[in-house]
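Quick note: numbers below take in every heavy atom, side chains included, and nothing from hydrogens, waters or symmetry partners.
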Amino acid sequence: MPSLKDLKNRIGSVKNTRKITKAMQMVAAAKLRRAQEAAEAARPFAERMTAVMSALAAGVGTGDGAPKLLAGNGRDQVHLLVVMTSERGLCGGFNSSIVKLARARANELAAAGKTVKILTVGKKGREQLKRDWGHAFVGHVDLSEVKRVGYANAQSIAREVMAAFEAGEADVVTIFYNRFQSVISQIPTEQQVIPAKFEGTGATALYDYEPSEEAILADLLPRGVATQIFTALLENGASEQGARMSAMDNATRNAGDMINRLTIQYNRSRQAAITKELIEIISGAEAL
């Protein structure tokens, strides 16, 4: 049974931990507001740009004149998976949910005889994938020194994956990230960015394009890849702070429960020690 001194030290230690988790929760809440605003502000632009490219793609099709970023290079053998996670932990299941989705996709592709390559964005995903898929790593993007993710960061990643595609080192590029829904809900998302995939057909019949649809689409597609990656980074940023806020709130509550249990145990032990001393004093007095 722990001594009173040990119990007192444990209570003090858990109280200090609770202060830290409470502070981290407040910091995450402040960062979440800014990250959520950035993610929500980027969604309309990304959706509108996708709609325009979808309309153009419907008119161009995937024939010989179509840009390679739309039609592909005619192969489906080498898949580059871009796994976006955080640089830091203490955010619940945020990172593991993305890694789980990416790992399942990698296993599925490997079982089908495809070649899997992995580009990691964020240290935590790289750490989790290293044991099973370390041999497939082809690069890493470190954002630990970036205070606020900007479009330039997305452009850098986009240039890297497009260069791999153009060099024939990757046939299909897919990104993995968490889409922000709420503080307690982030949706692991898999999105193919090369070759571009669009849902729907688009209203091409209502417009005449100058210059040609192929020329416009060839110019827009690289920007579209960068925009999709930028949107994913923003969604990931909001999801990370939401998950961290929720995790630190749970940790603070758990610390409070532990303090209550330890305090009860301490009081009972202290009462038992006092009672024992009183019995010893009374017994000594009666012996005299």
Side-chain angles (χ1 to χ4, degrees), residues 1-40 83-104 120-132 142-144 146-149 176-189 232-275:
M1 185 175 181
S3 65
L4 289 174
K5 184 178 180 180
D6 290 339
L7 287 171
K8 192 172 183 179
N9 289 338
R10 287 180 64 184
I11 291 171
S13 177
V14 176
K15 283 183 176 179
N16 290 336
T17 300
R18 183 173 63 174
K19 289 179 182 178
I20 294 172
T21 57
K22 184 64 177 178
M24 292 182 68
Q25 178 189 351
M26 295 173 67
V27 170
K31 289 183 177 180
L32 171 63
R33 180 180 58 82
R34 295 193 298 269
Q36 184 177 354
E37 289 174 354
E40 291 176 347
V83 184
M84 302 180 180
T85 55
S86 69
E87 297 289 347
R88 299 171 182 84
L90 298 178
C91 48
F94 167 77
N95 291 309
S96 59
S97 62
I98 300 172
V99 170
K100 181 180 179 181
L101 181 63
R103 184 183 285 119
T120 53
V121 181
K123 182 174 69 175
K124 291 301 175 180
R126 189 174 185 83
E127 290 176 351
Q128 293 188 33
L129 286 167
K130 187 175 182 179
R131 187 181 68 176
D132 297 332
D142 185 355
L143 298 177
S144 58
V146 178
K147 297 296 183 182
R148 183 175 296 182
V149 173
F176 295 83
Y177 64 98
N178 261 332
R179 181 176 175 83
F180 179 80
Q181 190 171 49
S182 68
V183 173
I184 59 173
S185 178
Q186 300 87 35
I187 304 172
T189 303
L233 290 173
L234 293 178
E235 293 283 349
N236 241 19
S239 297
E240 177 189 350
Q241 299 307 327
R244 179 169 288 113
M245 179 181 169
S246 180
M248 292 301 100
D249 179 56
N250 290 334
T252 302
R253 293 174 185 271
N254 291 338
D257 293 340
M258 183 176 291
I259 290 170
N260 291 337
R261 291 196 300 269
L262 290 172
T263 301
I264 292 173
Q265 187 178 355
Y266 174 81
N267 290 336
R268 286 176 177 172
S269 298
R270 183 168 176 271
Q271 185 63 45
I274 293 172
T275 303

Give a yes or no on whether the backbone of [Y] and the side-chain of [X] come within a donor-acceptor separation of less than 3.5 Å.
X	Y	value
Thr120	Gly122	no
Ser246	Ala243	no
Thr275	Gln271	yes
Arg244	Val27	no
Asn178	Glu240	no
Thr252	Met248	yes
Ser185	Ser182	no

Rounded at 0.5 Å granularity, tell me how far [atom1] in [X] sits from [atom2] in [Y].
X	Y	atom1	atom2	result
Gln241	Phe94	CD	CZ	9.0 Å
Gln128	Lys100	CD	NZ	12.0 Å
Met24	Thr21	CE	OG1	8.5 Å
Ile20	Leu90	CD1	CG	10.5 Å
Leu101	Tyr177	CG	OH	11.0 Å
Met26	Met245	CE	CE	10.5 Å

Among residues at least two apart in sequence or on other chains, which ones pass side chain to side chain contact (heavy atoms under 4.5 Å, CB included) with [X]?
X	answer
Ile187	Arg179, Gln181, Thr189
Lys123	Glu87, Glu127
Val14	Ala255, Met258, Ile259, Leu262

Taking everything shown except Leu4 itself, do over 12 heavy atoms lie less than 6.0 Å from its CG? yes

Should we say atom CZ of Arg10 is surrounded by more than 12 heavy atoms from elsewhere, each under 6.0 Å from it? no

Walk me through it: do Gln36 and Phe180 pass the test side chain to side chain contact (heavy atoms under 4.5 Å, CB included)? CA-CA 8 Å; Gln36 184 177 354; Phe180 179 80; 3.6 Å; yes

Begin with the C-alpha distance, continue with both residues' side-chain angles, and end with the deciding distance and a verdict on side chain to side chain contact (heavy atoms under 4.5 Å, CB included) for Thr263 and Ile11. CA-CA 7 Å; Thr263 301; Ile11 291 171; 4.0 Å; yes

Salt bridge (Lys or Arg N to Asp or Glu O under 4.0 Å), that's the test. Do Asp249 and Arg253 meet it? Break it down for me. CA-CA 6 Å; Asp249 179 56; Arg253 293 174 185 271; 3.1 Å; yes

Taking all non-hydrogen atoms of both residues into account, name the closest pair between [X] and [Y] and its distance.
X	Y	answer
Ser97	Pro188	CB-CG, 3.8 Å
Ala39	Leu234	CB-O, 3.8 Å
Ser86	Cys91	OG-SG, 4.0 Å
Leu7	Ser269	CD1-OG, 3.8 Å

Step by step, work out the side chain to side chain contact (heavy atoms under 4.5 Å, CB included) result for Met84 and Ile98. CA-CA 8 Å; Met84 302 180 180; Ile98 300 172; 5.7 Å; no

Side chain to side chain contact (heavy atoms under 4.5 Å, CB included) assessment of Val121 paired with Leu233: CA-CA 9 Å; Val121 181; Leu233 290 173; 4.3 Å; yes

